[in-house]
Amino acid sequence: MRIASFNINGIKARLPRLKEWLEETRPTVACLQEIKTQDEGFPADEFEEMGYKAIWHGQKSFNGVAILSDGTAPEEVRRGLGVDGPKEGEGEQSRYIEADVNGVRIVNLYLPNGNPQPGPKFDYKLEWMAALRERLQELLASEQPTVVVGDFNVIPRDNDVWSVKAMAGDALMQPESREAYTRILNDGWTDALGLLNPRGGVWTYWDYQAGAWQRDHGFRIDHLLLSPQTADRLVSAGVDREYRGREKASDHTPVWVEIRD
DNA sequence: ATGACCAGTCTAACTGGA
């Protein structure tokens with residue numbers, strides 16, 4: 001099965017591009033982030049017509065995640081990690097959804113950006129990462145085949161960014177962000193794209209500003225994490241880089257991992 | 001060398017992104 005992750009930056013603005021990508025690459029499971037719509041605005045019918053069944057966890061204006069599955073409905077297990085947003089009394093943001101598809105546990109997440117740092121948004125990012133680690137430890141203990149995907153908003157290594165200097169002050173590559181990510185990996189998860197690209201230079205995001213795409217000024221923040229049970233079944237993983245160059249593109253491009261059935 | 005975007009929202013500047 002092939003599991004893909006795509007931060008689409010608005011499902012309404014991106015719908016034609018999204019359907020095109022689904023038709024052209026036909027992933028078994030497609031995990032979406034930043035759908036930027038409330039639950040009632042999610043275009044489930046559009047995906048049903050293409051043979052995809054979906055679950056989603058929306059929110060007004062920002063954030064929001066969804067899981068699409070080819071043919072079979074994802075069996076939702078959990079939504080949310082129970083971490084309130086950084087503003088007083090705002091409650092929880094829609095950043096986490098978890099489901100079973102064909103015996104594989106799928107975790108789809110949109111990790112907080114954390115800028116500006118230091119500050120409450122950065123504290124929120126680290127708090128969220130600590131809660132994520134706890135949940136992922138439970139999943140490791142269950143020994144169920146599990147794949148964790150999404151926009152982690154963490155640049156893991158210096159060779160995962162076009163310029164260390166330009167990004168040095170960014171929340172995405174602060175030592176605290178990287179350490180929190182490494183702690184999760186060290187519990188037993190395999191970063192599929194990192195493993196297959198040890199020398200780096202593979203980007204999943206290019207800013208809309210400053211001609212970043214044309215200059216190839218990008219970085220790797222969309223990740224595919226495999227539990228030991230799915231790491232043993234790893235066939236390949238990659239980045240659908242070409243979609244970043246199309247009209248009305250998201251600033252992220254899709255990533256995917258294939259595991260043996 | 002410098003500046004440069006985009007989506008969503010209480011449709012005009014805001015917030016938020018990374």
Side-chain angles (χ1 to χ4, degrees), chain A residues 5-19 32-43 56-66 83-96 109-126 128-129 150-158 160-178 180-181 193 202-223 239 241 243-255:
Chain A
S5 173
F6 191 2
N7 179 322
I8 55 172
N9 187 19
I11 200 160
K12 293 187 184 102
R14 210 71 56 216
L15 194 58
R17 280 294 95 87
L18 177 56
K19 290 173 70 175
L32 310 178
Q33 303 89 36
E34 284 204 87
I35 62 175
K36 292 186 172 181
T37 178
Q38 288 172 304
D39 283 342
E40 49 272 33
F42 187 83
W56 58 95
H57 181 23
Q59 179 181 344
K60 190 176 182 180
S61 305
F62 309 110
N63 308 319
V65 286
V83 181
D84 285 340
K87 284 183 189 162
E88 188 68 31
E90 79 164 295
E92 186 167 12
Q93 299 180 353
S94 300
R95 298 179 172 275
Y96 184 97
L109 62 89
Y110 174 46
L111 210 144
N113 172 296
N115 279 306
Q117 72 81 28
K121 289 188 174 181
F122 190 62
D123 296 341
Y124 168 56
K125 175 182 195 137
L126 298 179
W128 206 94
M129 292 185 82
D151 177 358
F152 282 69
N153 270 320
V154 175
I155 298 169
R157 314 170 297 202
D158 281 355
D160 292 315
V161 60
W162 66 279
S163 165
V164 169
K165 192 179 166 194
M167 293 293 289
D170 199 284
L172 276 54
M173 56 178 285
Q174 290 313 295
E176 296 93 328
S177 309
R178 286 182 167 179
Y181 183 74
L193 286 173
V202 173
W203 320 142
T204 67
Y205 170 91
W206 295 257
D207 202 298
Y208 286 124
Q209 298 185 68
W213 167 247
Q214 289 75 10
R215 297 170 176 216
D216 200 25
H217 290 178
F219 37 84
R220 185 172 73 93
I221 52 174
D222 299 274
H223 304 313
V239 178
R241 182 187 162 97
Y243 288 88
R244 180 60 182 83
R246 296 197 185 182
E247 288 296 312
K248 292 279 285 179
S250 171
D251 42 6
H252 294 251
T253 200
V255 298

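This one's a predicted model, so the numbers in the text were calculated from it and none came from an experiment. Chain letters run A, B, ... following the sequence lines, proteins first, then strands; residues in each count from 1.
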| B:dA12 and B:dA7: how far apart are their C1' atoms, nearest whole angstrom? | 15 Å

| message | Base of B:dG3, side chain of A:Arg215 - is there a donor-acceptor contact under 3.5 Å? | response | yes

| query | Quantified in whole Å, what is the P atom distance between nucleotide B:dC10 and nucleotide B:dG16? | reply | 14 Å

| query | Nearest to the side chain of A:Ser61 - B:dT9, B:dA7, B:dA18? | reply | B:dT9

| query | Which is true for A:Ala210 with a 4.0 Å heavy-atom rule: it touches a base, it touches only sugar-phosphate, or it touches nothing? | reply | base

| said: Under 4.0 Å, heavy atoms only, any strand: does A:His252 hit a base, just the sugar-phosphate, or nothing? | reply: sugar-phosphate

| query | If you look at every strand shown and take non-hydrogen atoms under 4.0 Å, does A:Asp170 touch a base, only sugar-phosphate, or nothing? | reply | nothing

| task | For B:dT2 versus B:dC14, give the span between their P atoms, rounded off to a whole number of Å. | result | 28 Å

| Just how far, in rounded Å, is P of B:dG3 from NE2 of A:His217? | 16 Å

| request: Taking only the side-chain nitrogens and oxygens of A:Tyr110, find out if one of them lies under 4.0 Å from OP1 or OP2 of B:dG16. | output: no

| query | Quantified in whole Å, what is the C1' atom distance between nucleotide B:dT11 and nucleotide B:dT15? | reply | 15 Å

| With a 4.0 Å cut-off on heavy atoms, is A:Asp222 in touch with a base, just the backbone sugar-phosphate, or nothing at all? | nothing

| field | Contact under 4.0 Å: A:Asn153 side-chain N or O vs B:dA18 OP1/OP2 | value | yes

| query | Separation of A:Ile11 atom CD1 from B:dT9 atom P, in whole Å? | reply | 13 Å

| Testing A:Asp160, A:Leu172, A:Val202 for side-chain contact (heavy atoms from CB on, under 4.5 Å) with A:Phe219, which one passes? | A:Leu172

| request: Can you tell me the distance, in whole Å, between the CG atom of A:Asn63 and the P atom of B:dG16? | output: 10 Å

| query | Reckon A:Arg95 touches a base, only the sugar-phosphate, or nothing at all at heavy-atom distances under 4.0 Å? | reply | sugar-phosphate

| task | Take atom P in B:dG8 and the same atom in B:dG3, then report the distance between them in whole Å. | result | 29 Å

| field | Integer-rounded Å distance: B:dC5 C1' and A:Gln214 CD | value | 11 Å

| Do A:Lys121 and A:Asn115 meet the criterion of a side-chain donor-acceptor pair at a distance under 3.5 Å? | no

| field | Position toward the 5' end of DNA chain B (nearest nucleotide), A:Asp207 or A:Asn9 | value | A:Asn9

| message | Quick check for you: among B:dA4, B:dG16, B:dA18, whose closest atom lies nearest to any side-chain atom of A:Lys36? | response | B:dG16

| said: So, OP1 or OP2 of B:dA18: does either fall under 4.0 Å of a side-chain N or O from A:Lys121? | reply: no

| query | What nucleic acid atoms does A:Asp151 come within less than 4.0 Å of, heavy atoms only: base, sugar-phosphate, or nothing? | reply | sugar-phosphate

| Under 4.0 angstrom between A:Lys60 side-chain N/O and B:dT15 OP1 or OP2 | no

| Separation of the C1' atoms in B:dC5 and B:dA18, to the nearest angstrom | 12 Å

| request: Kindly say if A:Lys87 contacts the phosphate of B:dT15, meaning a side-chain N or O under 4.0 Å from OP1 or OP2. | output: no

| said: Looking at A:Glu247, I want to see if its CD is surrounded by more than 12 non-hydrogen atoms of other residues, nucleotides or ligands under 6.0 Å. | reply: no

| task | Figure out the CD/P separation between A:Gln33 and B:dA7, and round it to whole Å. | result | 17 Å

| message | Heavy atoms from C-beta onward define the side chain here; which of B:dG16, B:dG17, B:dA4 lies closest to that of A:Phe62? | response | B:dG16

| message | Heavy-atom count check: over 12 atoms from other residues, nucleotides or ligands less than 6.0 Å from A:Gln214 CD? | response | yes

| message | Measuring to OP1 and OP2 of B:dG8, would you say a side-chain N or O of A:Arg14 lies under 4.0 angstrom away? | response | no

| query | How are the rings of A:His223 and A:Phe152 set relative to one another: parallel (under 30°), tilted (30 to 60°) or perpendicular (over 60°)? | reply | tilted

| said: What is the separation between atom CG on A:Asn7 and atom P on B:dG17, rounded to the nearest whole Å? | reply: 11 Å

| Is any side-chain N or O of A:Lys248 closer than 4.0 Å to OP1 or OP2 of B:dC6? | no

| message | Categorize A:Lys125 for me: base, sugar-phosphate, or nothing, with a 4.0 angstrom heavy-atom threshold over every strand shown. | response | nothing

